[in-house]
Amino acid sequence: MWDLLLRGGRVVDPASGHDRAADVAVRDGRIAEVLPTGPSEAEAQETGTAAEVVDVRGKLVTPGLVDAHTHVWHGAGYWGLDPTPVAWRTGVTTWIDAGSAGAYAMDGLRRHVAEPADVRVHALINVSGLGLVAETGEHRVLDHLDVDAAASVAARQGGFVRGVKARIDARTVGENGLEPLHRAVRLARVLERPLMVHVGYGPPTIAEIAPLLSEGDVLTHCASGAPADLVTGDGLTDAAERALDAGVVFDLGHGSGAFAYDVLETELAAGVRPLVSSDLHIRSVYGPAFDLPTVMAKMMAAGLGLYEVVEAATVRPARTFGLEAGTLAPGAPADIAVFDVQEGPFPLPDVHGGLRQAPVQLRNTATYVAGRLLPPSASDAPPPWVPLSPAQQHAETGRQQRTRESVQHLTSPDDFDEPFPRHGA
């Protein structure tokens, strides 16, 4: 007998090659089977096929989304946000925190964020022990970039730390140039984990950064308009082309200021297929990123198909960072996202005000982690260093009202009282 059966949805699971109408069966927090659509909801319950049957006909069913670039060290730094109030309404079940914590705070990120969270949280350790406690500048004092200390801390964390993060732009490195990157590379090689490098306004330039990256490393903010030598009018620059040929993984990392349609379209035409990540943090959650499904819709506005976009937000980031996630294969964790696919067109902006028309938008209707439905959860007010425009405040007030209405629709206060199996359980 299954614990849960999601019946009749369009199941898109690129890890398994599925794009078809199917039922998804869950037992003991893991995927039991993905099988042709069977009996009706009433028949399934009467015959004891499943303890709970949910009719998802007409909906899209995907693996729980894997966001490869987020910042969730909330309450301990400039950028952090709480993932739980976002996860239940977006389908993101695996969150990779991209460098919010370095050696000095990694224990805290795990204890106070990852372990209590209703979702799966992993981390990239910042090469700076400071992490992202401030808006920028963490690489300006080299004494904080202690590779041995960071390696020791990461080793104690085991599988929680999935890689290394370094922000390499003029504001962050100051007069230290490439030295922070050299140290980040050393740390990543000691840990035998990928290095994610944030790029922005140089120096250093892409031509200086790219030769230091190896196969499996990640270049994030790959569609930013800030670096002067990512693309030209004709395609990729030589430096970007060499990085791609070397097996460097390109990652979107939308965020507040790192997504330009013209850059992305040039890269797509050159054969780049980036990971789709949001760079969601306490500023970008209010726009223009908003959430990962919105970023996925922007990718479709740039010309990618639904299957490709789901692949780039599930199995590909999971494989990049060695995670057991992003698939509905039997035996995998039962992390599942269910969406209404709303037909467009929908005008969606990049960070510079450029518009494209998305053919569809994905509206999440249910998010399951280990087979358990995430309940509605309201976010806290933004901190004082994140002033909202009147339009943003109006949108946030509406979202909070919808969250309260969702909570009122719960049938029982005991529906969600069983704890989620925490990281490492």
Side-chain angles (χ1 to χ4, degrees), residues 14-15 63 65-71 92 94-99 122-127 161-169 181 184-185 187-189 191-200 206-224 226-227 229-231 235-255 258-259 263-264 266-280 292 295-296 298-299 302 304 307-327:
L65 303 182
V66 179
D67 199 336
H69 188 155
T70 68
H71 296 284
V92 181
T94 299
W95 297 65
I96 300 177
D97 183 279
H122 295 273
L124 308 181
I125 188 169
N126 200 310
V127 67
V161 173
R162 306 308 304 181
V164 177
K165 173 71 181 296
R167 294 199 294 182
I168 306 299
D169 62 49
L181 180 56
V185 170
L187 177 58
R189 303 305 171 248
L191 297 179
E192 298 182 330
R193 300 284 192 185
L195 167 62
M196 176 184 280
V197 177
H198 151 124
V199 296
I206 301 299
E208 293 171 310
I209 292 168
L212 299 177
L213 305 183
S214 299
E215 182 178 5
D217 288 337
V218 179
L219 183 79
T220 194
H221 306 315
C222 73
S224 170
D229 59 339
L230 260 176
V231 298
L236 299 179
T237 61
D238 289 344
E241 186 74 53
R242 286 194 298 271
L244 189 66
D245 291 344
V248 173
V249 177
F250 284 48
D251 172 58
L252 192 68
H254 185 302
F259 174 64
V263 176
L264 174 63
T266 298
E267 291 176 339
L268 294 179
V272 176
R273 290 298 179 267
L275 305 183
V276 178
S277 69
S278 66
D279 185 17
L280 209 64
L292 187 55
V295 176
M296 293 166 71
K298 293 184 184 187
M299 296 297 290
L304 290 184
Y307 188 94
E308 280 186 292
V309 170
V310 172
E311 182 179 37
T314 56
V315 63
R316 289 185 53 220
R319 288 175 177 168
T320 297
F321 293 101
L323 297 173
E324 186 186 22
T327 178

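Along the sequence shown, the residues carry numbers beginning at 1.
- Each of Val218, Val66, Ile96, Val315 was checked for a side-chain contact (heavy atoms from CB on, under 4.5 Å) with Thr320, and the lone residue meeting it is Val218.
- Rounding to the nearest 0.5 Å gives a distance of 12.0 Å between CZ of Arg319 and CG of Leu275.
- In this structure, the side chains of Leu230 and Glu267 come closer than 4.5 Å at one or more pairs of heavy atoms.
- Note on Asp217 versus Arg189: salt bridge recorded, some NZ/NE/NH1/NH2 to OD/OE distance being below 4.0 Å.
- Considering Leu323, Leu65, Asp67 in turn, Leu323 is the only one that fulfils the side-chain contact (heavy atoms from CB on, under 4.5 Å) rule with Thr94.
- Tested against Pro274 for a side-chain contact (heavy atoms from CB on, under 4.5 Å), the candidates Val249, Leu268, Asp251 yield a single pass: Leu268.
- Checking Asp279 against His69 by side-chain atom types alone, a donor-acceptor pair falls below 3.5 Å.
- For the residue pair His198 / Asp169, a side-chain donor-acceptor distance below 3.5 Å is found, with atom types taken as modelled.
- Side-chain contact between Val272 and Leu236: present, with at least one pair of heavy atoms (C-beta onward) separated by less than 4.5 Å.
- Summarising the geometry of Thr220 relative to Val199, their closest heavy-atom pair is O-CG2, 3.4 Å, with the distance given to 0.1 Å.
- Here the NZ atom belonging to Lys298 is positioned 11.0 Å from the OG atom belonging to Ser278, to the nearest 0.5 angstrom.
- When atom types are taken as modelled, the side chain of Arg162 and the backbone of Phe321 share a donor-acceptor pair closer than 3.5 angstrom.
- A donor-acceptor contact shorter than 3.5 Å links the side chain of Thr237 to the backbone of Asp229.
- When all heavy atoms of Ala318 and Ala325 are compared, the closest pair comes out as CB-O, 3.3 Å.
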